[in-house]
Amino acid sequence: MERTLILLKPDAVQRRLAGDLIAKFERKGLRLAGLKLIHASKSLAEKHYEVHKERPFYGSLISFLTSGPTVAMVLEGREAVTVARNLIGATDGVKAAPGTIRGDYAISVQNNLVHGSDSAENAAKEIALWFQEAELVTFTPIDTPWVAGG
Ligand code: DAT
Ligand code: MG
């Protein structure tokens with residue numbers, strides 16, 4: 001089973017979409033392993049987006065991620081990274097396919113509501129950045145045989 005880090009970024013919380021977006025991931029069959037509301041510090045945001053440090057939009061991206069509370073989640077399931085990225089859609093809301101979160105709710109590139117880890121390796125790093133080990137819970141939902149199949 002794989003884990004991924006999902007952030008419902010400040011635009012999602014401000015627009016009161018957090019509940020709807022959590023539901024989309026749950027409905028697909030991913031299970032929550034961690035969940036909290038957190039107002040990211042500058043240092044946390046900078047570490048999270050460190051890979052984009054040299055990009056022209058980096059400053060604006062950090063201001064955005066620190067502008068209000070974020071819902072941080074760890075989701076678990078079969079190929080959780082790929083499953084979540086497919087649900088989230090392309091980076092630019094204009095290009096994201098209808099049916100995806102960004103395709104249905106976003107028209108911006110920066111204010112695109114959700115972050116999802118792009119590999120299992122980056123997921124492990126990002127989870128360690130946003131969560132303490134003690135904040136993560138592993139359990140087996142009772143419908144697992146029905147959801148995960150054979
Ligand atoms: P994603 O969030 O789809 O993984 P990314 O890792 O390439 O996209 O970029 C991280 C975030 O940076 C993205 O969610 C929005 C912002 N961003 C990316 N490209 C941008 C651009 N050309 N202009 C402004 N913001 C951008
Ligand atoms: Mg990315």
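Indexing begins at 1, ligand by ligand and atom by atom, following the structure's order. Just so you know, these numbers come straight off a predicted model, no measurement behind them.
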Checklist entry - For atom 15 (C) of ligand 1, what is the nearest protein heavy atom, given as residue, atom name and distance? => result Val109 O, 3.4 Å

Checklist entry - Got the closest protein heavy atom to atom 12 (O) of ligand 1, with its distance? => result Leu61 CD2, 3.3 Å

Checklist entry - In the protein, which heavy atom is nearest to atom 8 (O) of ligand 1, and how far is it? => result Thr91 OG1, 3.3 Å

Checklist outcome for this item: Among non-hydrogen protein atoms, atom 14 (O) of ligand 1 lies closest to Asn112 ND2, 2.8 Å

Next on the checklist: With nothing but distance in play, are any N or O atoms of Arg102 less than 3.5 Å from an N or O of ligand 1?
Outcome noted: yes

Checklist entry - So, do Leu5 and Phe131 sit near enough that their side-chain heavy atoms are less than 4.5 Å apart? => result yes

Checklist entry - Considering His52, Arg85, Lys9, which one's heavy-atom position lies nearest to atom 7 (O) of ligand 1? => result His52

Item to check | Min heavy-atom dist Asp118 to ligand 1 below 4.0 Å | outcome: no

Next on the checklist: To check your reading of the model: name the closest protein heavy atom to atom 18 (C) of ligand 1, its residue, and the distance in Å.
Outcome noted: Phe57 CZ, 3.5 Å

Checklist entry - Step by step, would you call Lys47 with Glu50 a salt bridge (charged side-chain N to carboxylate O under 4.0 Å, His left out)? => result CA-CA 5 Å; Lys47 282 184 202 135; Glu50 191 166 13; over 6 Å; no

Item to check | Positive for side chain to side chain contact (heavy atoms under 4.5 Å, CB included) with Tyr105, one of Thr100, Asp20, Asn112 | outcome: Asp20

Item to check | Contact check, side chains of Leu44 and Ile38, non-hydrogen atoms, under 4.5 Å | outcome: yes

Next on the checklist: Once you measure the plane-to-plane angle for His48 and Trp130, does it fall in the parallel (<30°), tilted (30-60°) or perpendicular (>60°) bin?
Outcome noted: perpendicular

Next on the checklist: Quick check: is Ile22 connected to Leu75 through a chain of hydrophobic side chains (ILVMFWY, heavy atoms under 4.5 Å apart)?
Outcome noted: yes

